[in-house]
Structures are given as C-alpha cells and as structure tokens.
Amino acid sequence: MMSEEKALNFLEEIIEEDLKNRTHQGKVQTRFPPEPNGYLHIGHAKSICVNFGLAKKYQGQCNLRFDDTNPSTEETEYVESIKADIKWLGFDWDRELYASDYFETLYNYALNLIDKGLAYVDPSSAEEMAALKGTPTTPGTDSPYRNRSIAENRQLFEEMRAGKYADGAMVLRAKIDMKHDNMLMRDPVIYRVKHAHHHRTGDQWCIYPMYDFAHGQSDSIEQITHSICTMEFIPHRELYDWFIEKLGIFPSHQYEFARGNVNYMVTSKRRLLQLVKEQFVEGWDDPRMPTISGLRRRGYTPGSIRSFWESVGVAKRDNNIDINLLEFCIREELNKTALRRMAVIDPIKLIITNLEEGQSISLPAENNHEMEGAGERDISFSNELWIERDDFMENPPPKYFRLGPGLKVRLKHAFIIECTHFEKDADGHITTVFANYFPDSKSGSDTSGIKVKGVIHWLDVKTAKQAEVRLYDRLFTVEDPANEEGDFKDFINPDSLTIVSNAWIEPALLEAGMEDKFQFLRLGYFCKDKNSTAEHLIFNRTVGLKDSWAKEVKKG
RNA sequence: UGCCUGAUGGUGUAAUGGUAGCACAGCAGUUUUUGGUACUGUUAGUCUUGGUUCGAAUCCAGGUCGGGUAACCA
C-alpha cells in the first residue's frame with residue numbers, strides 16, 4: 001500500500017514551483033543567519049529545521065552565516081555556542097560565513113549607490129532625523145542634506161570610513177522617498193559610525209552597515225535562492241528588493257513564515273537574559289530554559305526537537321503551540337530508546353517477612369522491553385527494600401492497585417507480595433511496610449496463579465545507591481507570560497524545580513554516561529546532569545510518564 | 001491612525017471550486033508484569049455579512065478580530 005504523501009507547506013510549494021520553472025537553474029540555496037549576540041533557543045531551532053531541512057529535501061545547500069554587523073553586542077563566545085547547538089541538532093552547514101567577510105564589498109556597494117545619486121551622507125542627529133521622518137499617517141520631510149552633490153557625498157563617506165567623525169556624527173542614508181507608506185523606505189540609514197572593536201575584523205572598521213544594507217546583500221553575494229525569515233521582516237522586503245534592484249546584483253528573494261511560539265515559555269533575548277542575570281535560573285543552560293543548551297541538559301534529544309517542528313509545520317498565522325506536543329515528541333523517542341532502570345525518590349521501607357535476613361536473590365531485568373537487543377541486567381532482591389511512598393496507602397480507595405493492608409502487588413521483575421501490616425512514626429507518617437512474598441510468583445516463571453492489577457518499582461536496600469534527583473515543572477504558571485499584565489517574572493512557577501537529595505537508584509546507574517537516557521520505571525525519563533561527580537550523582541527528569549492514575553486522583 | 005499580514009475543533013496543521021482530514025490534548029474502551037507502551041472508538045472546527053456558482057473553507061466585496069511595523073538593533 002502506498003503511504004500517503006504529506007502535504008507541502010507553502011515554502012515547499014514555492015520551491016517546487018521554482019524548481020519546475022528552473023528559476024535558479026534548479027538550485028536551492030538557503031542560509032541560517034543568526035546574530036552572534038545570544039544563545040539559540042527552541043524558536044531558532046525551527047528556523048534551523050526549516051532552512052537546513054529545505055536545502056536537504058531539495059538537494060540544495062544551506063550556509064551558516066553570522067549577521068555580525070553590530071560589534072557592540074556580538075562576541076565569539078556566541079559564535080561558538082551557536083555552531084555547537086546547530087551541530088548538536090544534527091545539521092551541517094555547507095559554508096561558514098560572516099557578514100563581516102563582506103564589509104569591503106558592502107562599502108563598495110554603498111559607493112555605487114552614492115555614485116548613482118541614491119545615497120547621501122547626513123550629519124543630522126538621531127533626534128533630528130526622527131523628527132523629519134514623520135509618522136505612519138504623516139509624510140516625512142526631506143533632510144536639508146538630501147541634495148548634496150555626488151562628489152561631496154563620496155568625500156564625506158570616505159572620511160567616515162577614515163575615522164574622521166565621532167560615533168553618531170554622520171550616517172549614510174539611502175535616498176528613496178520620505179513620503180513612502182512604508183516607514184522603512186523613508187531614506188533609511190545604511191551605514192553608521194561606530195568606533196567599536198569587532199570580534200572578527202578587529203579595529204579595521206569604524207563604520208558598520210545596518211541590517212538592511214547587509215542582510216540582503218549577503219544573501220545576494222552567496223546566491224541565496226530562498227531567503228527565509230520570520231514575519232516581522234515582511235516590511236523589510238521592499239527595501240531588500242530595492243537595494244538588489246539598484247545595485248543590480250543576484251536577485252535573492254525573501255520569504256517569511258510565522259515564528260513558532262510555545263506556551264509556558266518566553267523566548268525573547270531580553271527576557272531570557274533577565275532570567276539568567278537575576279538568577280531566577282542557574283544559567284543559559286538551566287534545564288528549565290527554552291534554550292537549545294537548556295533543552296539538551298534537560299534530556300531532550302535532537303531528534304525530538306526536529307520531529308516537534310516537523311509536526312508543527314510551517315505556515316504564516318500566529319500560533320501558540322501546546323508544550324504537550326514537545327513532551328509527546330520526547331516521550332515517543334525515549335520510549336523506544338531509553339534504558340529502563342529503577343529508582344525510588346520518596347522512599348519508605350518494605351520488609352519481606354518470610355525472607356531470611358542476609359539472603360539475596362538475583363533477578364534478571366529487561367533493559368528495554370520496546371527495543372530489541374537491549375539486553376538485561378541483574379538486580380538483587382532481599383528482605384529489606386525501598387518502595388515509593390505513593391505506592392502504599394493506609395486506607396486505599398477501591399481503584400487503588402498498589403499496596404495497602406491486606407493488598408497484593410507485584411514487585412517489578414520480582415515477586416508478588418501481600419502486605420500484612422505497617423508502622424508509623426510519632427507524626428503519623430508511614431515508615432515501614434511489612435509483607436510476605438510468594439516464592440512461586442517469580443517474574444517469568446510464575447506458577448502461583450495469583451493475579452494482581454498493580455506492579456510497583458523497588459530497590460534492594462543493600463545495593464541501592466544514593467543520588468540527587470531534580471524534578472522540573474514548567475517555568476511559568478501562565479501560558480503566555482510575556483503578554484500578561486505586569487512583569488513576566490511575577491508569573492514564574494515557584495515549583496519549577498524540586499530537588500530530591502536523598503533518592504535511591506539502582507547500582508547500574510553508577511555507570512551512566514552523559515549522553516545516556518533512562519526511564520526510571522513509572523517515574524519518567526531522566527538523564528545525568530553535567531554537575532554530577534562520581535561521589536554525587538545528579539539526575540534530571542526530562543519529562544514524566546503519562547500518568548492516568550494521577551488524572552484519576554485529580555478528578556476525585 | 002498609515003502600511004503590511006493573518007483568521008479551519010482546546011492547540012498545531014491539511015483540504016488549491018466537489019465527502020472538512022491528520023497530529024497533540026480530552027473522553028471511553030481493549031491489551032499489558034511500568035496506572036507506561038500499543039491498539040480501537042469517540043467529542044469537538046471553516047470569524048461575520050452579502051455576492052458569484054449546480055456546488056464555496058477555497059473566488060469577489062464589505063465588516064469584525066488578531067499579529068507585525070514607526071532603532072544610528074537584528
């Protein structure tokens with residue numbers, strides 16, 4: 001049977017149309033153009049998936065190009081983290097490029113415009129320029145310097161480059177139309193004086209091109225066939241096209257899609273920076289952060305992030321994607337790949353009364369039921385075990401399938417037990433549960449004939465190891481913190497991080513590697529945190545398992 | 001207010017003049033040595049008003065609502 005073909009998104013339709021018409025001799029060239037002034041987040045991942053994905057799908061190429069035209073905010077540190085994140089996501093660029101590589105060319109493009117009478121040097125202050133710019137409803141007014149001679153403009157611009165002027169003293173503007181409906185077309189600034197050290201060109205330049213005079217031209221130089229960006233750049237397209245036309249260079253074309261928003265997250269650089277600076281989180285890679293590094297540390301896999309954006313799709317309307325979909329994607333992958341282990345994060349003791357102290361039974365345990373060839377490991381069973389506090393109730397409701405006085409459950413990979421009695425401390429907290437086990441109910445060779453509905457996880461007190469476990473919840477209590485009345489930080493979830501310092505884990509987990517993913521049975525998916533040491537293991541919970549019992553309890 | 005965009009179940013996304021479908025979430029059930037997984041069923045949608053047409057989510061006109069935009073940032 002033929003598998004159903006997935007519908008094309010609008011970008012794929014455009015590309016296929018271009019391919020059909022041999023618009024660029026059947027070539028597809030895209031680029032991912034980050035500014036190296038911050039860390040990549042999940043929203044960037046969408047752009048990465050779109051740009052690299054499209055190039056791959058249509059046998060084209062995708063460049064990594066840093067839009068580094070503003071030296072005061074850009075740093076090499078960001079360049080490195082961006083490259084690492086893209087590679088981690090599973091993409092490889094064709095060429096690694098920098099807008100700063102084109103500074104000389106861009107400068108010549110500016111000269112070209114001047115020579116055509118399409119650019120002029122303006123010494124007006126930013127305030128003066130703003131005043132003459134008009135408003136969306138009122139047309140702007142021509143600058144008194146708008147009609148300088150070409151020779152004068154050329155000399156002034158050369159002097160700007162030579163360092164004759166202070167920051168802000170002069171700019172080069174395109175001469176377009178001060179009455180244009182599109183504010184960006186009202187003689188936009190294309191070069192400014194900035195005596196700043198650039199992370200790549202050093203002190204070679206003291207004038208830098210603006211975004212609009214660098215991005216499209218860089219696209220053109222690289223012969224980008226499909227310059228894909230987000231919707232807020234739509235108004236820039238007119239300018240983008242204007243420069244390409246006036247300069248007579250390769251006709252790259254810009255296409256815009258809607259950025260992907262995920263609920264309970266913020267992705268603006270400003271807000272992310274605040275969270276870090278004001279220490280609401282541990283850093284850029286805090287597992288609660290929507291940064292690529294945060295997601296990675298949380299235990300998300302590249303594949304899960306890719307399949308997330310794949311299933312979201314690409315369109316032009318505003319969206320607010322349910323974080324449940326992201327969690328579905330990581331569960332879907334980890335269910336097939338994560339090794340199963342047992343851990344007890346809120347322990348109470350279980351004594352097996354009919355097993356002699358000192359006796360130990362070794363039991364085989366599957367590493368992953370869903371994955372062929374995952375093998376098994378041995379776990380030990382004895383008379384003193386740890387079980388989860390949640391798995392025992394003094395007065396269980398009818399549909400509770402776990403332990404309670406007189407109730408039977410299976411201990412995963414081991415035996416069926418029947419609870420006989422329990423002990424409490426002075427505060428009324430359960431401390432110890434007592435049970436008998438049925439020796440003929442051993443997993444895999446159960447001849448007892450006993451049927452139980454519940455299966456619980458456990459650990460042998462003698463072999464269990466201690467570890468710290470960090471449980472995460474969404475960072476915000478509201479779906480869209482950025483659009484809430486007041487400060488977004490007022491909506492930080494106080495329970496976004498729960499540290500369990502005295503959890504028990506099975507000894508096999510001592511060998512966990514940084515890349516390994518685990519399912520702690522019935523608790524969720526976990527990975528080792530980067531701050532773990534041999535003496536102090538830390539595990540982060542990536543995401544919990546679906547929990548229909550918790551839902552049942554909630555319903556009451 | 002000008003210009004630019006967009007509007008399909010709770011969420012995301014298809015249907016390109018011809019049966020409104022898929023995924024997530026929800027609900028119900030089957031299977032199950034993870035209350036997981038898998039599987040089955042199911043609830044729920046075309047912003048509005050007109051027009052064109054045998055037939056409109058789709059085309060046209062008006063309205064409504066949402067988003068973007070007015071940096072010497074990108």
Side-chain angles (χ1 to χ4, degrees), chain A residues 4 6-9 13 33-35 37 67-70 72-74 99 122 124-126 129-130 133-140 167-173 180-186 188-194 207-208 210-212 214-215 229-238 256 258 260 263 269 311-329 331-332 335-336 340 342 366 369-370 399-402 409-414 416 441 443-444 446 452-457 519-524 544-553:
Chain A
E4 206 163 306
K6 199 169 183 289
L8 299 179
N9 65 48
E13 280 176 2
E35 184 188 11
N37 71 344
D67 255 352
D68 55 351
T69 57
N70 185 4
S72 31
T73 59
E74 296 153 4
D122 195 332
S124 305
S125 69
M129 274 181 49
K133 191 146 199 173
T135 70
T137 45
T138 58
D167 287 9
M170 276 190 194
V171 295
L172 181 70
R173 304 176 72 178
H180 203 109
D181 281 334
N182 182 347
M183 297 289 286
L184 283 164
M185 299 294 276
R186 320 246 262 227
V189 171
I190 59 178
Y191 260 94
R192 77 282 211 185
V193 178
K194 211 177 231 271
I207 56 172
Y208 293 93
M210 298 287 291
Y211 166 84
D212 286 304
H215 193 95
C229 62
T230 45
M231 304 280 284
E232 67 267 27
F233 289 97
I234 289 177
H236 294 256
R237 190 175 60 226
E238 199 169 10
E256 311 88 4
N263 62 15
K269 271 177 193 166
S311 76
V312 163
V314 181
K316 300 183 84 147
R317 66 185 88 98
D318 293 330
N319 57 75
N320 196 8
I321 304 150
D322 197 332
I323 195 168
N324 272 314
L325 181 58
L326 216 212
E327 297 190 341
F328 166 82
C329 291
R331 285 195 191 103
E332 185 184 43
N335 174 53
K336 296 191 205 103
R340 310 284 121 124
M342 292 201 281
E366 286 172 311
H369 186 67
E370 310 281 331
K399 279 194 282 185
Y400 186 80
F401 303 145
R402 308 175 190 179
V409 288
R410 172 173 296 280
L411 296 176
K412 181 70 182 176
H413 301 309
I416 293 172
S441 68
S443 280
D446 184 352
V452 292
K453 286 196 118 163
V455 179
I456 65 172
H457 59 276
Q519 183 195 107
F520 289 0
L521 247 46
R522 302 207 303 138
L523 295 176
L545 261 23
K546 271 176 75 176
D547 190 346
S548 54
W549 171 245
K551 212 176 281 176
E552 197 71 32
V553 170

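Just so we're on the same page: letters track the sequence lines, and every chain starts at 1.
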Heavy atoms, side chains only, cut-off 4.5 Å: are A:Tyr211 and A:Glu35 in contact? no
Side-chain contact, heavy-atom cut-off 4.5 Å: A:Glu366 with A:Arg340? no
Look at all strands and tell whether A:His369 reaches a base, only sugar-phosphate, or nothing, counting heavy atoms closer than 4.0 Å. nothing
Classify the nucleic acid contact of A:Arg237 as base, sugar-phosphate or nothing, counting any heavy atom under 4.0 Å across all strands shown. nothing
With a 6.0 Å cut-off on the ring centroids, do A:Phe233 and A:His215 count as close? no
How close or far is atom P of B:A15 from atom CZ of A:Arg317, stated in whole angstroms? 10 Å
Measure CE/A:Met185 against C1'/B:C4 and give the value in whole Å, please. 13 Å
Selected nucleotide, minimal atom distance to A:Glu232 side chain, candidates B:G12, B:U69, B:C72: B:U69
What does A:His236 touch in the nucleic acid at a heavy-atom separation under 4.0 angstrom: a base, only the sugar-phosphate, or nothing? base
G-U wobble or Watson-Crick pairing nucleotide for B:G55 (cut-off 3.5 Å, both distances): none
Ignoring the backbone of A:Met210, work out which of B:G67, B:C72, B:G12 is nearest its side chain. B:C72
When rounded to the nearest Å, what value does the distance between C1' atoms of B:A7 and B:U58 take? 14 Å
With sugar-phosphate meaning primed atoms plus P, OP1 and OP2, does A:Ala315 contact a base, only sugar-phosphate, or nothing at under 4.0 Å between heavy atoms? sugar-phosphate
Among the nucleotides B:U33, B:A25, B:C4, which one has an atom lying closest to any side-chain atom of A:Asn324? B:A25
At under 4.0 Å between heavy atoms, what does A:Tyr400 touch on the DNA or RNA strands: base, sugar-phosphate, or nothing? base
Can you check the A:Ile416 CD1 to B:U33 C1' distance for me, whole Å? 9 Å
Looking at the side chain of A:Met183, which of B:U34, B:A74, B:A70 is the nearest nucleotide? B:A70
According to the Watson-Crick and G-U wobble definitions, with both distances under 3.5 Å, which nucleotide is paired to B:G29? B:C39
Centroid under 5.5 Å and tilt under 30°, A:Trp549 to B:G35: yes
Say we look at B:C59 and B:G18: how far apart would their P atoms be, to the nearest angstrom? 11 Å
Around atom NZ of A:Lys269, are there more than 12 heavy atoms from other residues, nucleotides or ligands closer than 6.0 Å? yes
Applying a 3.5 Å limit to both distances, which nucleotide forms a Watson-Crick or G-U wobble pair with B:U11? B:A23
Touch class at under 4.0 angstrom, heavy-atom based, for A:Ile321 against every strand present: sugar-phosphate
Using atom P of each nucleotide, how far apart are B:G67 and B:G29 to the nearest Å? 41 Å
To the nearest Å, how far apart are A:Glu327 CD and B:G36 P? 16 Å
Applying a 4.0 Å non-hydrogen cut-off, can you work out what A:Gly444 is touching in the nucleic acid: base, sugar-phosphate, or nothing? base
Looking at the side chain of A:Asp181, which of B:U13, B:C3, B:G36 is the nearest nucleotide? B:C3
Taking any heavy-atom pair under 4.0 Å as a contact, classify A:Tyr208: base, sugar-phosphate, or nothing. nothing
For the side chain of A:Leu325, counting heavy atoms from C-beta on, which of B:G2, B:A74, B:C24 is nearest? B:C24
With a non-hydrogen cut-off below 4.0 angstrom, is A:Asn320 in contact with a base, only sugar-phosphate, or nothing? sugar-phosphate
Base, sugar-phosphate alone, or nothing: which one does A:Val312 contact when heavy atoms must sit under 4.0 Å apart? sugar-phosphate
As a test of reading the structure: which of B:A14, B:U37, B:G12 is closest to the side chain of A:Glu370, going by heavy atoms? B:U37
Donor-acceptor pair under 3.5 Å, A:Glu256 side chain vs B:U5 base: no
Would you call A:Asp181 and A:Glu238 a side-chain contact if the rule is heavy atoms closer than 4.5 Å? no
Contacts of A:Asp322 and A:Lys269 projected onto RNA chain B by closest heavy atom; the upstream (5') one is A:Asp322
Between B:G10 and B:C4, how far apart are the C1' atoms? Round to whole Å, please. 30 Å
The single option from A:Leu325, A:Ile323, A:Asn324 that satisfies side-chain contact (heavy atoms from CB on, under 4.5 Å) with A:Ile321 is A:Leu325
Phosphate-side-chain proximity, A:Lys133 and B:A71, N/O vs OP1/OP2 below 4.0 Å: no
Remember a base hit wins even if backbone is also touched, and classify A:Lys194 as base, sugar-phosphate or nothing at under 4.0 Å, heavy atoms. sugar-phosphate
Whole-angstrom distance between B:G41 and B:A23, as gauged at atom P: 11 Å
Compare the minimum distances between each of B:C24, B:U37, B:A74 and the side chain of A:Glu74, then state the nucleotide with the smallest one. B:A74
Presence of A:Lys316 side-chain N/O under 4.0 Å of B:G67 phosphate oxygens OP1/OP2: no
Any side-chain N or O of A:Arg192 under 4.0 Å from OP1/OP2 of B:C73? yes
Counting C-beta onward and ignoring hydrogens, is there a side-chain heavy-atom pair between A:Met210 and A:Leu172 closer than 4.5 Å? no
How many angstroms lie between atom CZ of A:Phe328 and atom NZ of A:Lys546, to the nearest 0.5 angstrom? 8.5 Å
Using Watson-Crick geometry (N1-N3 plus N6-O4 or O6-N4) or G-U wobble (N1-O2, O6-N3), each under 3.5 Å, B:G66 is paired with B:U5
Is the shortest side-chain N/O distance from A:Thr69 to OP1 or OP2 of B:C73 below 4.0 Å? no
From CZ of A:Arg186 over to C1' of B:C3, roughly how many Å is that when rounded to an integer? 10 Å
Under a 4.5 Å cut-off applied to non-hydrogen side-chain atoms, are A:Asn70 and A:Lys194 in contact? yes
Nearest whole Å is fine: how far is B:C4 C1' from A:Glu238 CD? 9 Å
Measuring from the side chain of A:Arg410 (C-beta onward, heavy atoms only), which nucleotide among B:U33, B:C73, B:G35 has the closest atom? B:U33
In whole Å, what is the span from the CZ atom of A:Phe401 to the P atom of B:U32? 14 Å
Is the closest side-chain heavy-atom distance between A:Leu184 and A:Pro235 below 4.5 Å? yes
Between B:C73, B:U37, B:U33, which one does the side chain of A:Asn335 approach most closely? B:U37
When you compare B:A61 with B:C73, how far apart are their P atoms, in angstrom units rounded to a whole number? 41 Å
Pairing partner of B:A61, by Watson-Crick or G-U wobble and under 3.5 Å for both distances, is B:U49
Which is true for A:Ser124 with a 4.0 Å heavy-atom rule: it touches a base, it touches only sugar-phosphate, or it touches nothing? base
To the nearest Å, give me how far apart CZ (A:Arg331) and P (B:A38) are. 11 Å
How far does the C1' atom of B:A74 sit from the matching atom of B:A38, given to the nearest Å? 47 Å
Look at all strands and tell whether A:Asp318 reaches a base, only sugar-phosphate, or nothing, counting heavy atoms closer than 4.0 Å. base
How is A:Val314 classified with respect to the nucleic acid when contacts are heavy atoms under 4.0 Å: base, sugar-phosphate, or nothing? sugar-phosphate
Would you say A:Ser548 reaches B:G36's phosphate, i.e. side-chain N/O to OP1/OP2 under 4.0 Å? yes
